[in-house]
Amino acid sequence: MSSKAGIEDIFENGGSLEPAEIGVRSASTFNGFCSRHDTELFRPVENGAVTLSRESVFLLTFRAIAFELFTKRAALKGVPIQRELDSGTPFFIQAAIQTRLHYSFEGMKRGLADLERWKDRYDIALRQGDLSDFSVYAIEFDDVLPVVACGAFHPEVDFDGSQLQILGRGSADFDHVAFNLTTLNGVSVAAFGWLGGSDSQVASFVESFKRIPNVEKATAVIQLAFEHLENTYMRPSWWRAMPDEWRNFALEKFRSGIGQPDAERGQDALANRPYPFSTVGVRSTL
């Protein structure tokens, strides 16, 4: 199941965001690279036994950044079409829709500029084989989690509830982090990757995650995916078996992640973890 597929059906659902089922092939396919380059570049993290290392996490991070760039470019191309969808509605509705689209468009343009800058830096690191500026923290769980996800974002708040960055203020650069929650060698792996050292806001973000007790880390990464990453997929049986209260909480996270006005991200967005989505333990760390 995918929250992204639910976004595509949001109008049919009367504005309600509900994850929708999607085929495994659709969930695992990213068409941002040609087949040959995709196979050659990502073979170390897709074929056979995969070593959890700085190099393998870099490849996962590179693909997450490329995915976000590909998606942002596609979203911007769709804005002119969206601007015509309110044709025939009352003026006050058109004004509200166009205002929201304007701010969304400006935000996407800023996001695209950031992503292109990030991607250029990762391209250089890849070509030169120089990972000296690449930081990583990853954990290997001792079982498979019911959620997979990947993407990149600006961390605004950390897992302790502290404010890290206030987005939309001025033209300053913001720190970014790529996050992958995937399966390697038959178990789930959560990996953070970023460019920058220990003095960055991302480093503070990751340090707050490290302080979470190991038994709570599975829940924390699942909630992180719900809160920040559109490219998130869940096991249908797990989703349907959740109590309604848990599922409604997850839906609030999805809505916050796509910027719906009735679900603004609070400072405790990651610190408040009332429901144990998973109690799978941690096997090792990188």
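The figures that follow rest on heavy atoms only: side chains count, while hydrogens, waters and symmetry mates do not.
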Return the minimal non-hydrogen interatomic distance between [X] and [Y], and the atom names on each side.
| X | Y | answer |
| --- | --- | --- |
| Ala203 | Gly197 | CB-O, 3.6 Å |
| Ala225 | Thr232 | O-OG1, 3.4 Å |
| Leu270 | Val157 | CD1-O, 3.8 Å |
| Trp239 | Met234 | CE3-CE, 3.9 Å |
| Trp194 | Val177 | CB-CA, 4.2 Å |
| Asn180 | Leu60 | ND2-O, 3.2 Å |

Would you say [X] and [Y] make side-chain contact, with heavy atoms under 4.5 Å?
| X | Y | value |
| --- | --- | --- |
| Val57 | Leu286 | yes |
| Leu251 | Phe226 | no |
| Val147 | Ser188 | no |
| Phe62 | Phe67 | no |
| Glu207 | Ser204 | no |
| Thr285 | Glu140 | no |
| Pro276 | Trp246 | yes |
| Phe179 | Leu229 | yes |

Output the distance between atom [atom1] ([X]) and atom [atom2] ([Y]), rounded to the nearest 0.5 Å.
| X | Y | atom1 | atom2 | value |
| --- | --- | --- | --- | --- |
| Arg247 | Glu252 | CZ | CD | 14.0 Å |
| Arg273 | Ile212 | CZ | CD1 | 4.0 Å |
| Leu52 | Asn185 | CG | CG | 8.5 Å |

Inset, instruction - Check the pair Val136, Phe58 against side chain to side chain contact (heavy atoms under 4.5 Å, CB included), reporting the backbone distance first and the verdict last. - result: CA-CA 8 Å; Val136 58; Phe58 177 85; over 6 Å; no
Please confirm whether the backbone N or O of [Y] pairs with a side-chain atom of [X], one donor and one acceptor, at under 3.5 Å?
| X | Y | result |
| --- | --- | --- |
| Thr51 | Ser53 | no |
| Gln267 | Gly161 | yes |
| Thr183 | Gly186 | no |
| Arg54 | Phe134 | yes |
| Thr219 | Glu216 | no |
| Ser135 | Gly196 | yes |
| Gln223 | Asn272 | yes |
| Lys253 | Ala269 | yes |
| Asp158 | Ser162 | yes |

Inset, instruction - Let me see the working for Phe70 and Leu115 under side chain to side chain contact (heavy atoms under 4.5 Å, CB included), right down to the final yes or no. - result: CA-CA 10 Å; Phe70 178 87; Leu115 282 164; over 6 Å; no
Taking only distance into account, with no hydrogens and no angle test, what donor-acceptor pairs under 3.5 Å do side-chain atoms of residues 120-127 form with protein atoms, sequence neighbours excluded?
unit_1: Arg121; atom_1: NH2; unit_2: Asp133; atom_2: OD2; d: 2.8
unit_1: Tyr122; atom_1: OH; unit_2: His176; atom_2: NE2; d: 3.2
unit_1: Asp123; atom_1: OD1; unit_2: Lys119; atom_2: NZ; d: 2.9
unit_1: Asp123; atom_1: OD2; unit_2: Lys119; atom_2: NZ; d: 3.2

Legend entry - Side-chain H-bond candidate by donor/acceptor type, Thr71 with Glu230, under 3.5 Å: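 Per modelled atom types, Thr71 and Glu230 side chains form no pair under 3.5 Å.
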Legend entry - Partners passing salt bridge (charged side-chain N to carboxylate O under 4.0 Å, His left out) against Asp130 (at least two apart in sequence or in another chain):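 Asp130 satisfies salt bridge (charged side-chain N to carboxylate O under 4.0 Å, His left out) with no residue once adjacent residues are dropped.
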Inset, instruction - Would you please indicate yes or no on a ring centroid separation below 6.0 angstrom for Phe192 and Phe209? - result: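 For Phe209 and Phe192, the ring centres are under 6.0 Å apart.
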Legend entry - Phe205/Phe159 aromatic ring centres below 6.0 Å: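 So the answer is yes for these two rings.
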Inset, instruction - Apply side chain to side chain contact (heavy atoms under 4.5 Å, CB included) to Arg265 and His228, showing your working. - result: CA-CA 10 Å; Arg265 179 171 297 135; His228 280 289; 3.6 Å; yes
Legend entry - Cation-pi, Tyr137 ring and Lys210 (6.0 angstrom, 45 degrees):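 Lys210 over Tyr137 ring: yes.
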Legend entry - More than 12 heavy atoms from other groups under 6.0 Å of CD on Gln163: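 More than 12 within 6.0 Å, yes.
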Inset, instruction - Quick one: list whatever passes side chain to side chain contact (heavy atoms under 4.5 Å, CB included) with Gln165, sequence neighbours left out. - result: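 With neighbours one apart ignored, the set is His154, Pro155, Leu167, Phe174, Asp175, Gln201.
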Inset, instruction - Identify whether Ile222 and Val187 are in the same connected component of the hydrophobic contact network (ILVMFWY, side-chain heavy atoms under 4.5 Å). - result: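 Looking at the clustering, Val187 is in a separate group from Ile222.
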Inset, instruction - Check step by step if side chain to side chain contact (heavy atoms under 4.5 Å, CB included) holds for Leu181 and Leu145. - result: CA-CA 9 Å; Leu181 180 57; Leu145 303 187; 3.9 Å; yes
